[in-house]
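In what follows, chains carry the letters A, B, and so on, assigned in the order in which the sequence lines appear, proteins first and then strands, with residues in each chain numbered from 1.
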There are 2 protein chains.
Amino acid sequence: MQTGEAVSIVRGDEELLARTSHLFATATEIACAANGLGTWMLTHASEDLDALARARRGHVRVRKVYRPGVLIDPVSAQGLRRVRDRHGAEIRITTDELNETILFDRRLAILAGDLSGGRRSYSVITQSEAVQGITSLYEAVWRSATDLDVYDAGIAEIRELAPRVLDLLGQGVKDEVAARRLGLGVRTYRRRVAELMDALGADSRFQAGVRARELGLV
Amino acid sequence: MQTGEAVSIVRGDEELLARTSHLFATATEIACAANGLGTWMLTHASEDLDALARARRGHVRVRKVYRPGVLIDPVSAQGLRRVRDRHGAEIRITTDELNETILFDRRLAILAGDLSGGRRSYSVITQSEAVQGITSLYEAVWRSATDLDVYDAGIAEIRELAPRVLDLLGQGVKDEVAARRLGLGVRTYRRRVAELMDALGADSRFQAGVRARELGLV
DNA sequence: CCACGGTCGGCAACAAGCTGCCATCGCTGT
DNA sequence: ACAGCGATGGCAGCTTGTTGCCGACCGTGG
């Protein structure tokens, strides 16, 4: 993964860590995008960012874009606010479909691939045109994304009833039954469900179930 | 958790391990029930059973009951067969709703509770009437369950198309679109979906999505 | 060849889910 | 008091999902 190699595939988290951790110490600009919180890049990026924050706060611009699903769970929403407050990270929320991405100084891009054989593969891209292309895509997402606090304010109400709605959805009960159990009309229950599905970025209930599980909401 | 204490609550996997690992070495009868493979009790139970198998094979009866979802993934299905062949474990499949349970010698029962605060709590029950009650429930499930090979033979066809069906379900596409992509009629696609939902024990597509994600199928 | 069993796929009836519409209600501000 | 706004919930039309039915087709065995 040295100069001359435009794209290299790295298999597994450990290898990626070995090859990239120095970047957190040297980069002046780090930009991340992810669907959820439980992924390697953002887990480790947060750990490394802790060290970075202590050592280099003020000298590095950190940006993160997430999907709204991360705000449904109050604990993870709070975690995001902490990251923003502690590290000075700029955090925005987008409803766009995201590929897990991390950019260093507009010079190196890491894209997460699929999980295969129990290990996730990552594309580490250093070729400058490609990095520029990915960066411009990231910037477009960034521009259209909503500031964390603004989005969070809009989602606070959804968050309140979400655990109960998700629990009932996870039990497989019909809307009419679920609504009755919550003391709501069916129309209102379905509104809540639709809001959750929007927040999860899901087009079907199956997909919503997958997403909710991924995010640890059920 | 000594004599006189009928039910004790243990929080977290580490504590449970500390308190129960000796049982794997001394018990002559171990019976487990679970929905999937990725839970502590059965993960560690398998590790401990490895040691047990080497040291005590022939001196301990091991029984496990699972839900059919574990057979959808060919890798985990194979893993089950290996456990059965290597350890002489008797494995059956049930479509009944299961609580994660492990029984030692009809004298001690462990029931998994909910995940709370990031840690799962377990009820460790030594009170004999309660253990008998749980045991009899287990025996009822065991009796009505189907032998691994028999069930597996019935599920082999489902398994074949499952990855593709699950992938499309996970993308949120409509049945008509998914059927077309697979080159099937809608009626047949829906048959495949219904079979998967049965195997997952799901009553709704949301629930199926959750289950599928839990089992690592998507 | 025929009979039988199993699967597929179109069709249709029904249920469940999605969402717009609108009347009603409660709350807030003037 | 009234006006305005937002949320609720019933209703209804539409879409999507569920499942039975049945004819067609294929493979197998006698």
What is the separation between atom [atom1] on [X] and atom [atom2] on [N], rounded to the nearest whole Å?
| X | N | atom1 | atom2 | value |
| --- | --- | --- | --- | --- |
| B/Asp203 | D/dT19 | CG | C1' | 15 Å |
| B/Glu195 | C/dT7 | CD | C1' | 11 Å |
| A/Gln207 | D/dG17 | CD | P | 12 Å |
| B/Arg192 | D/dG17 | CZ | P | 17 Å |

Does atom [atom1] of [X] have more than 12 heavy-atom neighbours, drawn from other residues, nucleotides or ligands, at distances under 6.0 Å?
| X | atom1 | answer |
| --- | --- | --- |
| A/Glu160 | CD | no |
| B/Arg61 | CZ | yes |
| B/Glu29 | CD | yes |

What's the spacing between A/Asp152 CG and A/Thr146 OG1 if we round to 0.5 Å?
11.5 Å
dist A/Ile91:CD1 -> A/Leu80:CG (nearest 0.5 Å) comes out at 5.0 Å
Between B/Arg159 and B/Glu157, is a side-chain contact (heavy atoms from CB on, under 4.5 Å) present by the stated rule, with each step listed?
CA-CA 5 Å; B/Arg159 193 189 292 128; B/Glu157 278 192 22; over 6 Å; no
In residues 150-161 of chain B, what residues come within less than 4.0 Å of DNA chain D, judged by heavy atoms?
none
Verify the distance criterion only: is there a donor paired with an acceptor across the side chains of B/Thr95 and B/Asp198 at less than 3.5 Å?
no
For B/Tyr151, ring pair (Phe, Tyr, Trp, His ring centres under 6.0 Å) partners two or more places apart:
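Ring pair (Phe, Tyr, Trp, His ring centres under 6.0 Å) list for B/Tyr151, sorted by chain: empty.
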Determine, for nucleotides 11-21 of chain C in 5'-to-3' order, which nucleotides have protein heavy atoms under 4.0 Å from the base (write B), from only the sugar-phosphate (write S), or from neither (write -).
B----SBBBBB
